[in-house]
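What follows is a single structure, written as structure tokens, with notes after it.
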Protein chains: 2
Amino acid sequence: MTKPALPSPLEGPTQPAGQEDADERILKAAGKLFREKGFAATTVREIAAAANMLPGSLHYRYASKDDVLLALMNRAVKRAMAAVRAAIGEVRDPIEKLRLGLRAHLELLCNGDDSLYVLLFDWRSLPQGAREGVERERGRYESFWDGMLYEAHGSGRARPVLDVELVRHFGFGAINWVATWYRPGGDRTPSQIADTFFAYLAFGLIHEPSRPADLDTRFAALMAASLKGQG
Amino acid sequence: MTKPALPSPLEGPTQPAGQEDADERILKAAGKLFREKGFAATTVREIAAAANMLPGSLHYRYASKDDVLLALMNRAVKRAMAAVRAAIGEVRDPIEKLRLGLRAHLELLCNGDDSLYVLLFDWRSLPQGAREGVERERGRYESFWDGMLYEAHGSGRARPVLDVELVRHFGFGAINWVATWYRPGGDRTPSQIADTFFAYLAFGLIHEPSRPADLDTRFAALMAASLKGQG
DNA sequence: CGCAGGCTTGGTCACCCGGCCAAGCCTGCC
DNA sequence: GGCAGGCTTGGCCGGGTGACCAAGCCTGCG
């Protein structure tokens, strides 16, 4: 319990710049625990301990456990949006933008902080009242992706598809699910997985001029049949 | 608290055949609650109430809440396996088998009982000790799918791919994620969604003899590049 | 008719959760 | 040098949790 008031370069937890910032420590610890055990199974005491502080100190910054989750999720959307924007940079090619965005999203989900995982997989834990704000921000992120999909579609290099939102759900599903089985240290990095999955996605979605018309006809037939509930 | 001992045809909860079977009622109620609120956020009292019995009665059949989850998950694997087998029936065509299997899986996940959802999305809640058994059964289900994928690959109608397991993860991700956003009563049934997604999947994975060799070359190049971490 | 035992009852128990707070420390500013 | 106030301390509280059980009901069987 004897904690040095002055920063000690030999001790891990105590960081030079004001102990790294208590807020950051809380969200980091909460993210890790929420991801591992889920929101409901995690106690505020555990979060506080992992953040190297007492429960009361945590309460001073966040009035409730729900508030921590809320802050974490808002941060997740913000970081995801920033990561994807940064990854795309000045690239203009609509298909390449999708590939780079997918990479950034998966990289953040697997190797970044845990907030994105919590946002995606602990959505149920967010209390009804707090849902609206996060939902709006999350919607912006999804619309951002829809915009890129529309762009790809408009460029004529994407297969004509009935519902862009459905395509986003499809891609997000494949990518987000990686967090379910991926373990660091495997023989594939998240970026490699993203690229591989992009190859799978692209050759189902990208229209190739050199492809015989027969293929597009068959695709359209499959799509039409799927709407009648039989194939 | 006055509960008729004899089956009354006018009362919903009391069923003719021995009140429908208490075990079934427990697992049904638990599945619904676990899906809606998650395992940790659900109390045994809630489950008992939803199953129309007292907590003590539930305890008579399941020693702990964990046991209920375990039974539910084991049932989920069993039902998924049975549903997919039944859907495939006598069909021999490897590609068609995949399509029908995907349909059955998604139909069960969206409209069937909630156990499959719990198995997939509440995996973290299963205590370490109980994990082994379910993991083995779940592995059989996954191997079953891998077998179908190998078959499709062996038939020469599937695109040559480095890692079948990765393809399964890809497809399962896209399909399982549907449970995240699907709401009954929309303008697409699970089977229609499955067929649409199958169309997306197929035209990225199925090798078409009539397709110009150029496309396969580009696919192979993308795959090779993805393993070097760049495209 | 009587009895055995499967199942339910209604409550109890120890635990520990999330939320809270008054007191005090310690830092940086005046 | 002193003080104000932001932040931490450590413990407290009511409530609700999972687990449990002795007693008894009621059904089906002999």
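Both cation-pi conditions hold for A:R85 and A:F144: the charged atom is under 6.0 angstrom from the six-membered ring centre and inside a 45 degree cone around its axis.
B:M53 places its CE atom 9 Å from the P atom of C:dT9, with the value rounded to the nearest Å. Whole-Å rounding puts the A:N52 CG to D:dT9 P distance at 9 Å. Taking atom CZ of residue A:R25 and atom P of nucleotide D:dC7, one finds them 13 Å apart after rounding to whole Å. When rounded to the nearest whole Å, the span between CZ of A:R61 and P of D:dT9 equals 11 Å. Look at CZ on A:F39: it is 12 Å from C1' on C:dC17, rounded to the nearest Å. Rounded to a whole Å, the CG atom of A:D21 is 13 Å from the C1' atom of D:dC7. Going from atom CD1 of B:I47 over to atom C1' of D:dT17 covers 12 Å, rounded to whole Å. Separating the CG atom of B:L58 from the P atom of D:dT17 is a distance of 14 Å, rounded to the nearest angstrom.
Side-chain polar atoms of A:S143 and A:D146 form no donor-acceptor pair below 3.5 angstrom.
Judged by distance alone, the side chain of A:R124 and the main-chain N or O of B:F34 form a donor-acceptor pair under 3.5 Å.
In the set D:dG18, D:dT9, D:dT8, D:dT9 carries the atom at the smallest distance from any side-chain atom of A:L54.
The shortest distance between side-chain heavy atoms of B:M73 and B:L126 falls below 4.5 Å.
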For a quick test of your reading: what N or O donor-acceptor pairs under 3.5 Å do the side chains of residues 109-119 of chain A make, sequence neighbours left out?
{"unit_1": "A:N111", "atom_1": "ND2", "unit_2": "A:E107", "atom_2": "OE2", "d": "3.1"}
{"unit_1": "A:D113", "atom_1": "OD1", "unit_2": "A:S115", "atom_2": "OG", "d": "3.4"}
{"unit_1": "A:D113", "atom_1": "OD2", "unit_2": "A:R79", "atom_2": "NH1", "d": "3.1"}
{"unit_1": "A:D113", "atom_1": "OD2", "unit_2": "A:S115", "atom_2": "OG", "d": "2.7"}
{"unit_1": "A:D114", "atom_1": "OD1", "unit_2": "A:R35", "atom_2": "NH1", "d": "3.0"}
{"unit_1": "A:D114", "atom_1": "OD2", "unit_2": "A:K32", "atom_2": "N", "d": "3.4"}

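For A:R140, the salt bridge (Lys or Arg N to Asp or Glu O under 4.0 Å) partners at least two apart in sequence or on another chain are A:E137.
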For nucleotides 19-22 of chain C, print each protein N/O atom paired with a nucleotide N/O atom at under 3.5 Å, atom names and distance only.
{"unit_1": "C:dG19", "atom_1": "OP2", "unit_2": "A:K65", "atom_2": "N", "d": "2.9"}

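Residue A:Y60 has a polar side-chain atom (N or O) positioned under 4.0 Å from OP1 or OP2 of D:dC7.
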